Structure formats: C-alpha cells, structure tokens
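Since the structure comes first, as structure tokens, the remarks are kept for the end.
This one's a predicted model, so the numbers in the text were calculated from it and none came from an experiment.
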Amino acid sequence: MPFGLISQLRLTAIGFLLLSCDLAQATSPNETLASPPSFSRDVLPILRANCFGCHQDAKKRGGYLMTDFQAMQSGGESDAPAIVPGNSADSYLIKEIVLVDGKAEMPKKGKPLSEVEIDIIRRWIDAGAVNDAQAVGPRFTSAKPPVYVQPPTITSIDFSKDGKQVAVTGFHET
C-alpha cells in the first residue's frame with residue numbers, strides 16, 4: 001500500500017474514534033440527569049468532603065449532625081428542617097450551600113460547593129431524599145472510639161510545659 005493511503009486510513013480511523021468518544025460523552029450527562037442521584041454514590045461523597053469535618057459527633061457545629069442520616073434531615077440550631085424530602089426549596093441545607101452574590105453560608109472553611117454538586121444535592125432532595133446507603137461496620141463516637149488493631153498513625157504530638165501531659169492526634173479519645 002502506498003504511504004499516503006495508510007496515512008489516510010489512520011486519520012479516518014482516528015476520526016471515527018474521536019466521533020464515538022464525543023457521542024459517548026454527549027449521552028452520559030443526559031442519562032445522569034434522567035435518573036435521580038443516589039445518596040451513597042453521589043451525595044455522600046460531597047458531604048464527606050465538605051461537611052463532615054464540622055458536622056460530626058465530636059464537633060456538632062451549629063448543633064447540626066450530618067454523619068447520622070436521621071439527624072441530618074432534622075437540622076440544627078436554626079430549628080428549620082435541613083432536608084424536606086421532595087422539596088429542596090424548603091430545605092434549609094440548600095439555602096446554606098447556594099451561592100448568593102458569589103458567597104455561600106456553608107461550608108464556612110474552604111471553597112463553596114460547585115453548581116454541579118449543589119444540583120446533585122437539590123435533585124436528590126427533590127427525588128425524595130432516599131437513604132440508599134448500607135450501614136457498614138461499627139459507628140464511632142467520642143464515647144465509643146475505634147479499637148485499634150495496630151498502632152495508629154500519629155501525625156502530631158505535643159507535651160505540656162511541665163512534661164506531665166502529652167497530646168496526640170486520634171479520634172478524640174480521652
């Protein structure tokens with residue numbers, strides 16, 4: 001085969017591959033929008049990355065606990081329901097995370113949630129806020145810390161001035 005024909009066949013094959021990739025990407029978002037978001041697959045990772053640091057058993061900022069599904073729906077100090085299944089417009093959580101004039105109330109530290117993340121949470125609430133997460137393993141609290149099967153990783157340590165006390169990182173054990 002002449003060199004020109006081989007090059008032309010390669011370019012044609014590459015063109016078909018690129019076209020098929022574009023078509024696959026064009027259909028994926030529509031399929032995602034057609035089905036409601038999953039709490040465990042779509043919403044929980046967003047909450048873990050942005051919310052659990054301040055709204056957990058050991059630190060219940062604003063009186064709001066997000067690591068327990070029932071408590072997360074109830075809300076915190078505002079006395080407004082954080083999640084109203086089927087109605088994101090009345091869900092206080094949405095009011096806290098939506099950008100107003102480029103700023104959101106939550107999260108306090110770090111960058112605001114993206115429009116995509118907010119839309120996932122909003123659509124999950126509008127679809128009924130179903131908890132499809134399976135309870136896996138033991139649940140830890142400050143009163144019931146984890147039992148270590150090997151020495152934990154210590155990332156920070158400090159001693160009192162008199163040398164009688166030591167503080168190390170962990171799960172808020174006393």
Other residues, nucleotides and ligands only: do more than 12 of their heavy atoms fall within 6.0 Å of NZ on K60?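 Result for NZ/K60: open.
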Check the surroundings of atom CG in D162: do more than 12 heavy atoms from other residues, nucleotides or ligands lie under 6.0 Å from it?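 Enclosed.
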Would you name the heavy atoms of [X] and [Y] that are closest together and state the gap between them?
| X | Y | value |
| --- | --- | --- |
| F69 | A129 | CZ-O, 3.4 Å |
| A104 | I97 | CB-O, 3.5 Å |
| D42 | P37 | OD2-CA, 3.3 Å |
| M66 | C51 | SD-CB, 3.4 Å |
| A71 | Y64 | O-CE1, 3.9 Å |
| K95 | A89 | CE-O, 3.4 Å |

Can you hop from V116 to M106 via hydrophobic side chains spaced under 4.5 Å?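 Same hydrophobic cluster.
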Any link between V98 and M72 through a network of hydrophobic side chains (Ile, Leu, Val, Met, Phe, Trp, Tyr) touching at under 4.5 Å?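 Linked, V98 and M72 end up in one cluster.
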Test your reading of the model: is there a side-chain donor-acceptor pair from S160 to the backbone of Q165, 3.5 Å cut-off?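 Answer holds: yes.
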Are the side chain of D132 and the backbone of F39 linked by a donor-acceptor contact shorter than 3.5 Å?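 Indeed, once roles are kept as given, a pair shorter than 3.5 Å links the two residues.
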Check whether any side-chain heavy atom of [X] lies under 4.5 Å from a side-chain heavy atom of [Y], and answer yes or no.
| X | Y | answer |
| --- | --- | --- |
| H55 | L65 | no |
| N50 | E117 | yes |
| I121 | L93 | yes |
| Q73 | P85 | yes |
| L47 | F52 | yes |
| K164 | F159 | no |

Under 4.0 Å between a side-chain nitrogen and a carboxylate oxygen: does that hold for R122 and D126?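 Looking at R122 and D126, the cut-off is not met.
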How long is the straight-line distance from [atom2] of [Y] back to [atom1] of [X], given to the nearest 0.5 Å?
| X | Y | atom1 | atom2 | answer |
| --- | --- | --- | --- | --- |
| Q56 | D68 | CD | CG | 13.0 Å |
| L99 | L113 | CG | CG | 8.5 Å |
| K109 | C54 | NZ | SG | 6.0 Å |

Evaluation steps, side chain to side chain contact (heavy atoms under 4.5 Å, CB included), between Y92 and D79: CA-CA 9 Å; Y92 191 69; D79 290 329; over 6 Å; no
Report the C-alpha separation of I46 and W124 in whole Å, then their side-chain angles, then the decisive distance to 0.1 Å, and conclude whether the side chain to side chain contact (heavy atoms under 4.5 Å, CB included) test is met. CA-CA 12 Å; I46 297 169; W124 169 71; over 6 Å; no
For side chain to side chain contact (heavy atoms under 4.5 Å, CB included), just list the numbers for N87 and I125, CA-CA rounded to whole Å, side-chain angles, deciding distance to a tenth of an Å, and then say yes or no. CA-CA 6 Å; N87 190 347; I125 293 172; 5.8 Å; no
Evaluate the criterion side chain to side chain contact (heavy atoms under 4.5 Å, CB included) for residue pair K108 and R61; output intermediate values, then yes/no. CA-CA 11 Å; K108 291 278 188 206; R61 298 267 163 88; over 6 Å; no
